[in-house]
Amino acid sequence: MNTTQSWIVVADDAAATGLVGAARTLGTEVVAVVAGRREVADALATAADRVLWLGEPGEAPVEAFAPAVAALVAQAAPRAVVGATTPSGRALLGAVGAALQAPVLSGIGTVELSGDQVVVTRSVLGGVSEHRTGVEGTAVLAVDAGAAVSGTPAAAVEEVAGEALAGARVTEVRPRERAGVNLGAARTVVAVGRGLKAREDVALLTELAGAFGGELACSRPLAEGVDWLPKERYIGISGQHIAPELYVAVGISGQLQHMVGVREAGVIVAVNSDKNAPVFSQCDYGVVGDLYQVVPALTAALKGGA
Ligand SMILES: Cc1cc2nc3c(=O)[nH]c(=O)nc-3n(C[C@H](O)[C@H](O)[C@H](O)COP(=O)(O)OP(=O)(O)OC[C@H]3O[C@@H](n4cnc5c(N)ncnc54)[C@H](O)[C@@H]3O)c2cc1C
């Protein structure tokens, strides 16, 4: 293993220069491999010590360069390989991990060297717990790129041979449609779960959220099961993590995967017809009752009509 080197693998990520800091903690020489546009390689030349560029990707998706990137990294056997947590970053890192027969660690908080080991802290279960992991051999780390670093190019960009897998090409690029909601900015969030019986009843909760001057959210089954609300609105371990002043959970049982998304909320109010629902041990105020009675009454009260 080359203990002085730390590599970063980059696809088309404009913020990739932000990865150099993490890589530099683990090696005195930072080598970047870029399987993307020349501009990305030029940007990395301002922060890394060496930049290897596989040439313009043309119509090939960056993922098709993963075996070529992995072969370069495996040959160098550096102490660490850092990539972004973006979909293309993960594709490159997955191939690197397979080539090195090393696990890819994600959820990285801090990174440091301790003797011969790379030691990372990793947040697991949506931040409920933190693990400290020591890695023998090359550490392959998926890191949030953070802010881009800019400056004067210090390294020359070296073009290296690296073929894309044959047969893969981008045929169309279609922007993802987003709901355009910013739950993170809302002071009050009213969320609804599977206690709701029908799609048209979402209107009851929209009205309550409006009466609070807040936003409407939901549990995952409503966004990824029945699709009554857009995916951008579900809260939890695989959804949004928010910290509103007030979170009102309606017809939500309070499973861990949901509640980790509101760990930082100020006050949590739960409305549930089952007095034994787990949400009642995780809220500040609980209303045991049928949401079809409680929600209209609450809305009316907020509007000053009750
Ligand atoms: C890997 C993984 C990741 C996951 N990630 C997420 C995530 O990010 N976010 C998330 O939300 N879930 C996530 N889940 C799913 C999670 O485990 C739960 O299944 C989900 O949160 C349950 O949603 P719910 O509370 O709406 O439904 P349920 O658990 O079915 O609860 C419905 C509740 O409504 C109550 N109710 C029924 N009728 C009424 C009524 N008339 N009035 C009032 N209350 C009523 C019931 O008593 C019940 O407590 C994940 C699961 C896995 C395995």
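In each ligand, atom 1 is the first atom listed, and ligand 1 is the first ligand listed.
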Numbered in order shown, the ligand 1 atoms found under 4.0 Å of a heavy atom of Y234 are 7 (C), 8 (O), 9 (N)
The closest protein heavy-atom partner of atom 48 (C) of ligand 1 is N272 ND2, 3.7 Å
heavy-atom search around atom 16 (C) of ligand 1 in the protein gives Q257 OE1, 3.9 Å
protein heavy-atom neighbour closest to atom 38 (N) of ligand 1 works out as K197 NZ, 3.1 Å
Would R50 and E158 count as a salt bridge (Lys or Arg N to Asp or Glu O under 4.0 Å) if you check the C-alpha gap in whole Å, the side-chain angles of each, and the deciding distance to 0.1 Å?
CA-CA 8 Å; R50 274 183 78 194; E158 305 165 38; 3.0 Å; yes
Has R79 got a side-chain atom pairing as donor or acceptor with G137's backbone, closer than 3.5 angstrom? no
Value for CG (L229) from CZ (R220), rounded to nearest 0.5 Å, stands at 15.0 Å
| Any non-hydrogen protein atom less than 4.0 Å away from atom 1 (C) of ligand 1 | no
If only atom types and distance count, is the side chain of R199 paired as donor or acceptor with the main-chain N or O of D227 below 3.5 Å?
-> yes
To the nearest 0.5 Å, atom CH2 of W53 lies from atom CG of D42 at 8.0 Å
Closest to atom 30 (O) of ligand 1 among protein heavy atoms sits R194 NE, 3.0 Å
Nearest heavy atom to atom 5 (N) of ligand 1, choosing from P221, G289, S238, P278, belongs to S238
Residues passing the side chain to side chain donor-acceptor pair (under 3.5 Å) test with Q240, sequence neighbours excluded, are none
In this structure, atom 21 (O) of ligand 1 is nearest to the protein heavy atom H258 CB, 3.8 Å
Atoms of ligand 1 under 4.0 Å from any heavy atom of G239, numbered from 1 in the order shown, are 8 (O)
shortest atom 37 (C) of ligand 1-to-protein heavy-atom contact is with G195 CA, 3.4 Å
Between Y247 (side chain) and E264 (backbone), is there a donor-acceptor pair under 3.5 Å? no
With heavy atoms and a 4.0 Å threshold, my read on which part of I235 contacts ligand 1 is backbone
Of all protein heavy atoms, the one nearest atom 52 (C) of ligand 1 is R220 NH2, 3.8 Å
Note: ligand 1 atoms sitting under 4.0 Å from heavy atoms of D290 are 40 (C), 41 (N), 42 (N)
*Are any of the N/O atoms in G254 less than 3.5 Å from those in ligand 1?*
no
Main-chain N/O of I235 paired to H258 side chain as donor or acceptor, under 3.5 Å
yes
When distances are taken from atom 45 (C) of ligand 1, the protein heavy atom at minimum range is S273 OG, 3.2 Å
Tracing side-chain contacts under 4.5 Å among Ile, Leu, Val, Met, Phe, Trp and Tyr outward from Y234 reaches none
Note: ligand 1 atoms sitting under 4.0 Å from heavy atoms of G193 are 26 (O)
Checking heavy-atom distances from atom 32 (C) of ligand 1 to each of G251, S219, C218, the winner is G251
CG (N182) and CD1 (I242) are apart, to the nearest 0.5 Å, by 10.5 Å
Salt bridge (Lys or Arg N to Asp or Glu O under 4.0 Å) for D49 and R24? Distances and angles first, verdict last. CA-CA 10 Å; D49 301 307; R24 211 168 275 295; 3.1 Å; yes
